[in-house]
Amino acid sequence: MALEPPTLDDGRQLWALARISDLDVNSPYAYVLWCRDFAATSLVARDSTGTIRGFVTGYVRPDAPDTYFLWQVAVDPAFRGRRLARRMLDRISSCITERGIRYLEATVTPGNTASRALFASFARARSAALSWTPLFDRGHFPAELPEQHEPEDLVRIGPLR
Ligand SMILES: CC(C)(COP(=O)(O)OP(=O)(O)OC[C@H]1O[C@@H](n2cnc3c(N)ncnc32)[C@H](O)[C@@H]1OP(=O)(O)O)[C@@H](O)C(=O)NCCC(=O)NCCS
């Protein structure tokens, strides 16, 4: 599996993978835009046929240049449990620490066991501190949604070396 920054042509596949990954799916436009403007802080895992089996999207926080915010991480359901997400986090972590970034943040819903285990595993391997704090509660999201959005807890990991 080749790990590399996304290209503009990958936006479609990111959206499609988000749809089958049980993620909060953003608009197709958001993924295409991401591949244009945040490719340097994002990553895709491409198999030998060119199909994307996993991705990480993220950005350096404008108000906290020492902090990388990991927006979404997803692995194709057929490729889970093979440490692909860990490989992607390790690679993105190497890229950002080279740029002087020392903290990784993400938000996770309380019931997302796999994602919580992923960040805990990553922090442990890096011997980095990990903290969880509530960030967005239900009231931050539109009440008009057919299903109320779950709260999102902030995980902060670092300092990374
Ligand atoms: C979260 C996700 C990316 C993990 O991908 P993955 O490639 O299967 O994860 P890995 O194989 O690299 O496992 C990494 C760690 O998480 C643990 N883990 C992975 N899936 C797990 C599960 N369902 N339950 C418990 N632990 C799990 C692994 O045991 C491993 O921990 P360890 O090092 O202590 O053994 C994948 O389940 C996914 O795409 N989920 C849907 C999208 C999502 O919720 N994304 C996160 C919110 S943005």
Side-chain angles (χ1 to χ4, degrees), residues 1-6 10-35 37-39 41-49 51-61 67-97 101 103-138 140-141 145 147-158 160-161:
M1 202 76 71
L3 304 189
E4 54 198 25
D10 291 332
R12 286 187 297 270
Q13 282 201 63
L14 263 55
W15 175 78
L17 186 49
R19 277 183 86 192
I20 60 165
S21 286
D22 218 16
L23 274 177
D24 200 356
V25 184
N26 298 280
S27 70
Y29 184 92
Y31 292 99
V32 175
L33 180 72
W34 210 266
C35 290
D37 283 349
F38 298 98
T41 48
S42 300
L43 200 63
V44 296
R46 206 183 298 278
D47 73 13
S48 54
T49 70
T51 307
I52 294 176
R53 300 302 185 181
F55 71 80
V56 172
T57 50
Y59 60 90
V60 181
R61 291 193 65 213
T67 302
Y68 172 80
F69 186 82
L70 189 155
W71 179 39
Q72 288 192 313
V73 52
V75 168
D76 182 323
F79 287 76
R80 290 185 189 162
R82 306 182 192 184
R83 308 201 74 73
L84 181 54
R86 263 301 306 278
R87 271 188 65 204
M88 293 194 295
L89 253 63
D90 289 345
R91 177 67 64 85
I92 206 82
S93 166
S94 300
C95 296
I96 61 175
T97 50
I101 293 161
Y103 294 90
L104 181 148
E105 290 184 348
T107 70
V108 184
T109 54
N112 194 337
T113 312
S115 185
R116 284 175 179 255
L118 168 64
F119 289 115
S121 165
F122 168 76
R124 218 169 31 245
R126 295 251 158 187
S127 302
L130 173 152
S131 66
W132 290 100
T133 47
L135 184 62
F136 305 132
D137 60 38
R138 289 178 199 275
H140 287 112
F141 298 103
L145 289 172
E147 273 182 43
Q148 180 63 39
H149 197 295
E150 284 190 84
E152 296 270 355
D153 295 334
L154 179 74
V155 59
R156 183 169 166 87
I157 299 171
L160 298 168
R161 279 173 278 273

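Just follow the structure's listing: the first ligand is 1, and inside any ligand the first atom is 1. No hydrogens, no waters, no symmetry mates; every other heavy atom, side chains included, goes into these values.
Contact annotation for atom 40 (N) of ligand 1: protein present (non-hydrogen atoms, distance under 4.0 Å). In this structure, atom 28 (C) of ligand 1 has its sub-4.0 angstrom surroundings free of protein heavy atoms.
Residue Arg86 places at least one N or O, backbone or side chain, under 3.5 Å from an N or O of ligand 1. Among the atoms of Asn112, some N or O lies under 3.5 angstrom from an N or O of ligand 1. For the pair Leu23 and ligand 1, the shortest N or O to N or O distance does not fall below 3.5 Å. Residue contacts with ligand 1: Ala74 is placed with no nitrogen or oxygen under 3.5 Å of a nitrogen or oxygen of the ligand (distance criterion only). Polar contact check, Ser115 against ligand 1: no nitrogen or oxygen pair lies under 3.5 Å apart. Note: no N/O pair closer than 3.5 Å links Trp71 and ligand 1 by distance alone.
A donor and an acceptor atom, one from each side chain of Arg161 and Thr97, are nowhere located under 3.5 Å apart. In this structure, a donor-acceptor pair under 3.5 Å is present between the side chains of Arg126 and Ser93.
Of the possible donor and acceptor atoms, one in the side chain of Thr57 sits under 3.5 Å from a partner among the backbone N and O of Gln72. At distances below 3.5 Å, at least one donor-acceptor pair connects side-chain atoms of Arg87 with backbone N or O atoms of Met1. Arg46 places no side-chain N or O within 3.5 Å of a backbone atom of Arg53 that could act as its donor or acceptor partner. Between the side chain of Glu105 and the backbone N or O of Tyr68, no donor-acceptor pair lies under 3.5 Å.
Applying the side-chain contact (heavy atoms from CB on, under 4.5 Å) rule to Ala106 yields the partners Leu70, Phe119, Val155; only residues at least two apart in sequence or on another chain are considered.
Regarding atom 35 (O) of ligand 1, its nearest protein heavy-atom neighbour is Arg83 NH1, 3.5 Å. Looking only at heavy atoms of the protein, atom 26 (N) of ligand 1 is closest to Ala117 CB, 3.3 Å. Closest to atom 20 (N) of ligand 1, if we only count protein heavy atoms, is Ala114 CB, 3.6 Å.
At least one heavy atom of Arg124 sits closer than 4.0 Å to an atom of ligand 1. Not a single heavy atom of Asp22 sits closer than 4.0 Å to an atom of ligand 1.
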Could you pull out every donor-acceptor pair under 3.5 Å between side chains of residues 129-137 and any protein atom, sequence neighbours left out?
from   : atom 1 : to     : atom 2 : distance (Å)
Asp137 : OD1    : Gly139 : N      : 2.9
Asp137 : OD1    : His140 : N      : 3.4
Asp137 : OD1    : His140 : ND1    : 3.4

| task | Begin from the C-alpha positions of Leu14 and Cys35 and carry the test side-chain contact (heavy atoms from CB on, under 4.5 Å) through to its verdict. | result | CA-CA 9 Å; Leu14 263 55; Cys35 290; 3.9 Å; yes
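Contacts of Val108 with ligand 1, taken as heavy-atom pairs under 4.0 Å, are absent altogether.
The residue from Ala85, Ala18, Ser21 that puts a heavy atom closest to atom 6 (P) of ligand 1 is Ala85.
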